[in-house]
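Let me begin by presenting the structure, written as structure tokens, before commenting on it.
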Amino acid sequence: MTTLPSISLTARAFEPGALLTTFCAGRDETGAVASFVGLARAERGQATTLELEAYPGFTDAAIAAFAEEAKARFDLQDYRIVHRIGRIAPGEAIVFVATAAGHRRAAFEACDFLMDYLKSRAPFWKKQHGPDGERWIEPTARDRTDAERWD
Amino acid sequence: MTTLPSISLTARAFEPGALLTTFCAGRDETGAVASFVGLARAERGQATTLELEAYPGFTDAAIAAFAEEAKARFDLQDYRIVHRIGRIAPGEAIVFVATAAGHRRAAFEACDFLMDYLKSRAPFWKKQHGPDGERWIEPTARDRTDAERWD
Amino acid sequence: MARVLLFGRLADQAGWRDRTVEAGSIADLRRALADGDAALGEALAGPGVQVAVDKAIVRGEAVLAAGTEVAFLPPMSGG
Amino acid sequence: MARVLLFGRLADQAGWRDRTVEAGSIADLRRALADGDAALGEALAGPGVQVAVDKAIVRGEAVLAAGTEVAFLPPMSGG
């Protein structure tokens with residue numbers, strides 16, 4: 001197997017299925033791959049574009065530190081995280097997370113854990129552009145509750 | 001969107017990434033897609049081939065009844081289940097499950113719930129062919145424990 | 001005349017998985033199968049073996065019309 | 001000379017996101033920025049705003065060598 005990056009931030013639209021294909025290739029001893037795709041919602045026309053800002057070198061390092069901790073905690077074989085930045089249209093993928101483990105419980109829990117982090121605590125700044133202008137979005141109470149499940 | 005089948009049993013190798021691509025297409029109001037891929041493990045040479053038997057018309061109907069219940073329980077927008085039957089080589093996909101929901105908690109939980117059912121209670125008969133011959137496999141205690149979490 | 005299907009280890013044991021048998025009820029069918037293969041007769045009555053008639057699980061007795069499909073299902077393993 | 005980066009609503013408020021400022025410490029830098037834009041100075045001291053020096057979060061004071069990168073980070077929203 002060639003070495004692939006574990007974490008990418010990208011300003012271009014990406015295709016989650018192609019990432020899953022690459023991630024699943026050559027896995028004779030894996031057993032379980034869980035994955036998650038977060039898609040931008042149109043919110044029935046209320047959100048025409050989502051804009052995500054990252055701090056390159058800081059954001060990816062913070063995600064990597066967290067993900068390596070998750071890898072050890074859940075005994076993952078490996079993981080793949082791709083996060084979109086910049087302007088994202090409804091229906092486009094915002095985030096892809098895949099986790100590989102010997103058994104499905106670990107794969108599912110690690111994927112869920114990484115997503116809770118990425119959605120609530122990862123260093124991104126998010127702006128929603130809609131018909132009534134633009135607004136910066138803060139984490140929701142739901143996001144905080146989800147992330148606290150792991151503390 | 002064209003109507004796609006929700007449940008397929010197939011005797012041919014399939015590509016999970018391609019299924020995920022199709023499943024994610026045109027989803028302006030989805031938000032969350034969770035998926036799981038179960039891969040046949042080589043078990044370091046102990047399992048050279050896995051063989052899965054289904055009862056066509058019975059197995060798919062049982063899975064459909066369970067999945068429709070899950071769809072209502074977790075308020076899913078929809079789901080996709082593809083299950084391999086016949087002889088499966090190490091590294092090949094055995095099962096693909098994808099769930100689409102407005103929010104990630106529902107998508108994750110429904111995917112996990114469907115996998116617990118498929119791995120422990122769905123009507124399949126499983127035989128492992130290895131260097132020391134073949135044996136029929138029964139559900140593991142772990143599979144039963146996982147499935148009972150939802151009762 | 002019932003169409004009989006065996007799955008999993010039952011088919012391995014019997015050496016067949018699909019056969020037509022003359023029988024008017026499940027009890028008749030069990031007797032006919034046990035007459036030809038006593039060990040199979042015992043296995044079909046063993047713990048955890050379920051019977052499906054026309055793809056629906058049946059507990060206890062059922063009358064078998066011509067062309068009815070009867071399947072003997074050993075404990076399911078999951079996928 | 002520090003390279004100053006602003007993110008999220010701080011950049012929108014300031015009208016810039018990347019600027020070079022003469023300052024020997026974070027306190028110096030905060031004064032220099034507030035001198036040019038009092039509202040920005042207040043926002044940078046607001047609740048939840050963190051400071052990163054060369055991509056590491058710093059709480060309190062820090063000396064700034066030439067070419068140091070100082071980033072002001074409003075509360076993070078997640079992705």
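For B:L52, the part lying near chain C is the side chain, with the backbone staying farther off; criterion is any non-hydrogen pair under 4.5 Å. Heavy atoms of C:L5 lying under 4.5 Å from chain B belong exclusively to its side chain.
The distance from the OG atom of C:S77 to the CD atom of B:Q128 is 11.0 Å, given to the nearest 0.5 Å. Between atom CZ of residue C:R9 and atom NZ of residue B:K127 there is a gap of 12.5 Å, rounded to the nearest 0.5 Å. A distance of 11.0 Å separates OH of B:Y55 from CZ of C:F72, quoted to the nearest 0.5 Å.
For C:T68, there are no side-chain hydrogen bond (donor to acceptor under 3.5 Å, both in side chains) partners, not counting sequence neighbours. Listed by chain and residue number, nothing satisfies the side-chain hydrogen bond (donor to acceptor under 3.5 Å, both in side chains) test with B:K71 (two or more places apart in sequence, or in another chain).
With a 6.0 Å radius and a threshold of 12 heavy atoms from other residues, nucleotides or ligands, C:E42 has its CD atom at or below the threshold.
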Problem set entry | Candidate pair B:W125 and C:M76, rule side-chain contact (heavy atoms from CB on, under 4.5 Å), full reasoning | CA-CA 6 Å; B:W125 297 275; C:M76 295 151 187; 3.9 Å; yes
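The backbone N or O of C:G78 sits nowhere less than 3.5 Å from a side-chain atom of B:S120 that would complete a donor-acceptor pair.
At a heavy-atom cut-off of under 4.5 Å, chain C is reached by B:P56, B:G57, B:F58 from residues 56-65 of chain B, listed in order of number. By a heavy-atom distance cut of under 4.5 Å, C:K55, C:I57 are the residues of residues 55-64 of chain C near chain B, going up by number.
Taking all atoms of both residues into account, the shortest heavy-atom contact from B:E134 to C:D12 is OE2-OD2, 3.8 Å.
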